[in-house]
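Note that the coordinates shown come from a computational prediction; the quantities given were computed from them, not determined experimentally. These values consider heavy atoms only, across backbone and side chains, with no hydrogens, waters or symmetry-generated copies. Chain A is the first sequence line, chain B the second, and so forth, proteins listed ahead of strands; every chain is numbered from 1.
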Protein chains: 2
Amino acid sequence: MKRPITIHDIAKLAEVSSATVSRVLSGSDYPVSAATREKIQRIAKESNYIPNMLGKQLKTNSSMTIGVIIPSISNPFYSSVILGIEGIARQKGFHVIVCNSLHDAALEQEYLKTIAEKQVKGLIISSIGSDQAMLQKLMDTGMKVIAIDQKVDGEGISQIEFDYRKGGYMATKHLQSMGHRKIGYVTSQLDRPSRRSIYQGYEEAMRELDLEPLTAESAEDDVYNSLNEFNMGKKLAGKLLEAVHPPTAIFACNDVMAFGVINELSLRGLQVPRDMSVIGFDGIEYGQMIHPPLTTIKQPDYEMGRMACSMLLDLLNGETKPVYDVVLQPQLLERSSVADVQSKP
Amino acid sequence: MKRPITIHDIAKLAEVSSATVSRVLSGSDYPVSAATREKIQRIAKESNYIPNMLGKQLKTNSSMTIGVIIPSISNPFYSSVILGIEGIARQKGFHVIVCNSLHDAALEQEYLKTIAEKQVKGLIISSIGSDQAMLQKLMDTGMKVIAIDQKVDGEGISQIEFDYRKGGYMATKHLQSMGHRKIGYVTSQLDRPSRRSIYQGYEEAMRELDLEPLTAESAEDDVYNSLNEFNMGKKLAGKLLEAVHPPTAIFACNDVMAFGVINELSLRGLQVPRDMSVIGFDGIEYGQMIHPPLTTIKQPDYEMGRMACSMLLDLLNGETKPVYDVVLQPQLLERSSVADVQSKP
DNA sequence: TTGTATGCGTTATCAG
DNA sequence: CTGATAACGCATACAA
């Protein structure tokens, strides 16, 4: 294994100083005569020179890298966010390091540390932990942070979030507008702020019409895994059906859970939407692949990624924009899992 | 913005040399008296010292990082592979850089370059490009490479792949064993080796019973996107139905496409599996969330990730194992989308 | 336009 | 056990 080529090797071959080589190869605008410039470039190519970013970054103290911490890429919602981030980042010459916290607060902390050690100056995080002490410390050292999806309260953190409350409200209102009055809500544990917000929206819409909320909340904590979520949906749907006054429509806190609800219903001989309407939340692509296509509340995930990345890069460019929160609006995706039951016979 | 703390700062505070600080803080087993060791650790903690990995890596020329290049994390198959890789990597103290080539050969090359520049010494790649020249160059400089899923022919590259041919064979045989004789195959363009292999398995199984293959291949090139895939499944299913001798069973080259097939069938008033059997390929989780639950050929994606990472780490540890290929075996996941049609009335 | 010299933060060598 | 010092590969201030 031969030692990798450095600018010094090239300098020797080209009979110039390494400074000149650096100036040419780093794309600096420092004046270098066309002749030597060409010579250096030729030799670099011929010798398969690969610049060592570690050296460069150590010197310049800028890694052109942003970190992203999300629960898991196996969640299509987050993988979409990441694709959005990457698109913008690549366009600006930045690289992205993705870390899956897997709903493990300790792991999240660990990744936070790793990112700091790698001298990453910008971070986009959908935090699942509650301990923002470490995050604050990093920000004190100059790291720029954008929180997405999950609210992080800390000074100087720009947030970009969805209007979850409104999404919950919209979903419920849509069901009501279709004539439903007994509307059940199935949700995983209401421990994360986002989930509570959706619930609030649901509750608010119900209260407006003096309707009683009917909620089935999972008791289990979060082993994030879509199959789990699916099964949870099944279980909770079962619970709702066994209530004294079963609902005519079910609102699930995410699409995969809605898949579970639909599955459980069909197992019990109930047809969607004829016998029961179902509405989901998130707007993942698979929603339109099932039968019936799932009516749902779409969160602009991809756009969120793009916006988060743009904001972060602005911050890194030293544009001293004020810290601000962006609230992205949900959108009703009307497909075929909700029936209109208000037509009087 | 204050200058970050370095080992020199700590050295001053602890009244020792930076060499000693390094020995303590880097977890070296070099002997240091318990007293100074403790003092250094205390001061490091108090001053919120964050080691600069760039410096360390530049010096040691080892980044404890492996690169992964895959088509897209939005494909649940690959996100599963990555989770497998990460699990092993983390366990051994390695970090993972994920790059989505998005089915763009140029982008793949770009990421390859980036990874090399970042001094990453190990790479796991599911290559979509055909130009393995760059890859070979990198291997010449000492990079260890493991190719997964997609075969890359090059010297010294360990491969870990699925037995796609056998998977295709198994799927077809399963349909045959359930009495089907007219079996259609829908596939995206047969341009990648993996896809051709599946097709070969299908064809082989058909020939064994002297049956005529009936294939619908997409003409469009690959804009990888599940929705696209889904729609392709719909379109190709339509084609098959309009054949002079329509099949009684359809085999799709991946699960999402199978979703499209099922969707199209139900739109045309055909029930699965009563009127038409469908079998998929991949075994993504969503397969069991649709109706009817999709019978499919499962590829052990997560395990592939784990195995690839283990092999790579062994290679990086200098264990001079011979270059070898691992072939992972597919598994039939019998669910409910295939009907037994052989019972004679 | 080019070269020299220095330092980024760390580890490693070698001498004490 | 500890310290001084030289790298690692690169960019840049300063000198020529």
Practice problem: For the pair Tyr78(A) and Asn100(A), evaluate side chain to side chain donor-acceptor pair (under 3.5 Å) and give the outcome as yes or no after the intermediate values. | Solution: CA-CA 10 Å; Tyr78(A) 288 114; Asn100(A) 298 285; over 6 Å; no

Quiz item: Among Asp325(B), Ile146(B), Val145(B), which one satisfies side chain to side chain contact (heavy atoms under 4.5 Å, CB included) with Ile157(B)?
Solution: Val145(B)

Self-check item: Rounded (10°) bend between the five-pair end axes of the helix from dT1(C)-dA16(D) to dG16(C)-dC1(D)
Solution: 40°

Quiz item: Just the endpoints, please: which first and last nucleotides of DNA chain C, 5' to 3', lie under 4.0 Å from a heavy atom of chain A?
Solution: dT1(C) to dG9(C)

Quiz prompt | Lys39(A) (side chain) donor-acceptor with Ala14(A) (main chain) under 3.5 angstrom | solution = yes

Quiz item: So among Ile66(A), Leu312(A), Leu313(A), which one has a side chain to side chain contact (heavy atoms under 4.5 Å, CB included) with Ile88(A)?
Solution: Leu313(A)

Practice problem: Take the protein atom CD1 of Ile10(B) and the nucleotide atom P of dT2(D), then report the distance between them rounded to whole Å. | Solution: 16 Å

Self-check item: Passing option when Ile148(B) is tested against Leu328(B), Val326(B), Val81(B) for side chain to side chain contact (heavy atoms under 4.5 Å, CB included)
Solution: Val81(B)

Quiz prompt | Below 4.0 Å: OP1/OP2 of dA11(D) and any side-chain N or O of Lys56(A) | solution = yes

Quiz prompt | Residue pair Ser194(A) / Gln150(A), side-chain donor-acceptor N/O under 3.5 Å | solution = yes

Self-check item: Protein-nucleotide distance (Asn61(B), atom CG; dA7(D), atom C1'), rounded to Å
Solution: 13 Å

Quiz prompt | Nucleotide dA7(D), atom C1' - distance to NZ of Lys59(A) in whole Å | solution = 15 Å

Quiz prompt | DNA chain C: 5'-proximal contact among Tyr30(B) and Thr60(B) (nearest heavy atom) | solution = Thr60(B)

Quiz item: Should we say atom CD of Gln91(A) is surrounded by more than 12 heavy atoms from elsewhere, each under 6.0 Å from it?
Solution: yes

Quiz prompt | Close approaches to DNA chain D from residues 16-27 of chain A, in residue order (heavy atom, under 4.0 Å) | solution = Ala19(A), Ser22(A), Arg23(A), Ser26(A)

Self-check item: With Tyr302(B) via side-chain contact (heavy atoms from CB on, under 4.5 Å) - residues at least two apart
Solution: Ser80(B), Leu83(B), Arg306(B)

Quiz item: Rounding to a whole Å, what distance do you find between His8(B):NE2 and dT5(D):C1'?
Solution: 10 Å

Quiz item: Between the main-chain N or O of Ala11(B) and the side-chain N or O of Ser18(B), is there a donor-acceptor pair closer than 3.5 Å?
Solution: no

Quiz item: Does Gln159(B) use its side chain to pair, donor to acceptor, with the backbone of Val152(B) at less than 3.5 Å?
Solution: yes

Practice problem: Rounded off to whole Å, could you give me the CD1-to-P distance for the Ile7(B) and dT2(D) pair? | Solution: 15 Å

Identify every side-chain donor-acceptor pair in residues 25-35 of chain B under 3.5 Å, counting partners at least two apart or on other chains, and give the distances.
| unit_1 | atom_1 | unit_2 | atom_2 | d |
| --- | --- | --- | --- | --- |
| Ser26(B) | OG | Ser22(B) | O | 2.7 |
| Ser28(B) | OG | Tyr30(B) | N | 2.9 |
| Ser33(B) | OG | Thr36(B) | N | 3.3 |
| Ser33(B) | OG | Thr36(B) | OG1 | 2.7 |

Practice problem: Using modelled atom types only, decide if a donor and an acceptor are shared between the side chain of Glu108(A) and the backbone of Ile128(A) within a distance under 3.5 Å. | Solution: yes

Self-check item: Glu303(B), CD atom: more than 12 neighbouring heavy atoms under 6.0 Å
Solution: yes

Quiz item: Does any residue of residues 31-53 of chain B have a heavy atom under 4.0 Å from DNA chain D, and if so, which ones, in number order?
Solution: Pro31(B), Val32(B), Ser33(B), Thr36(B)

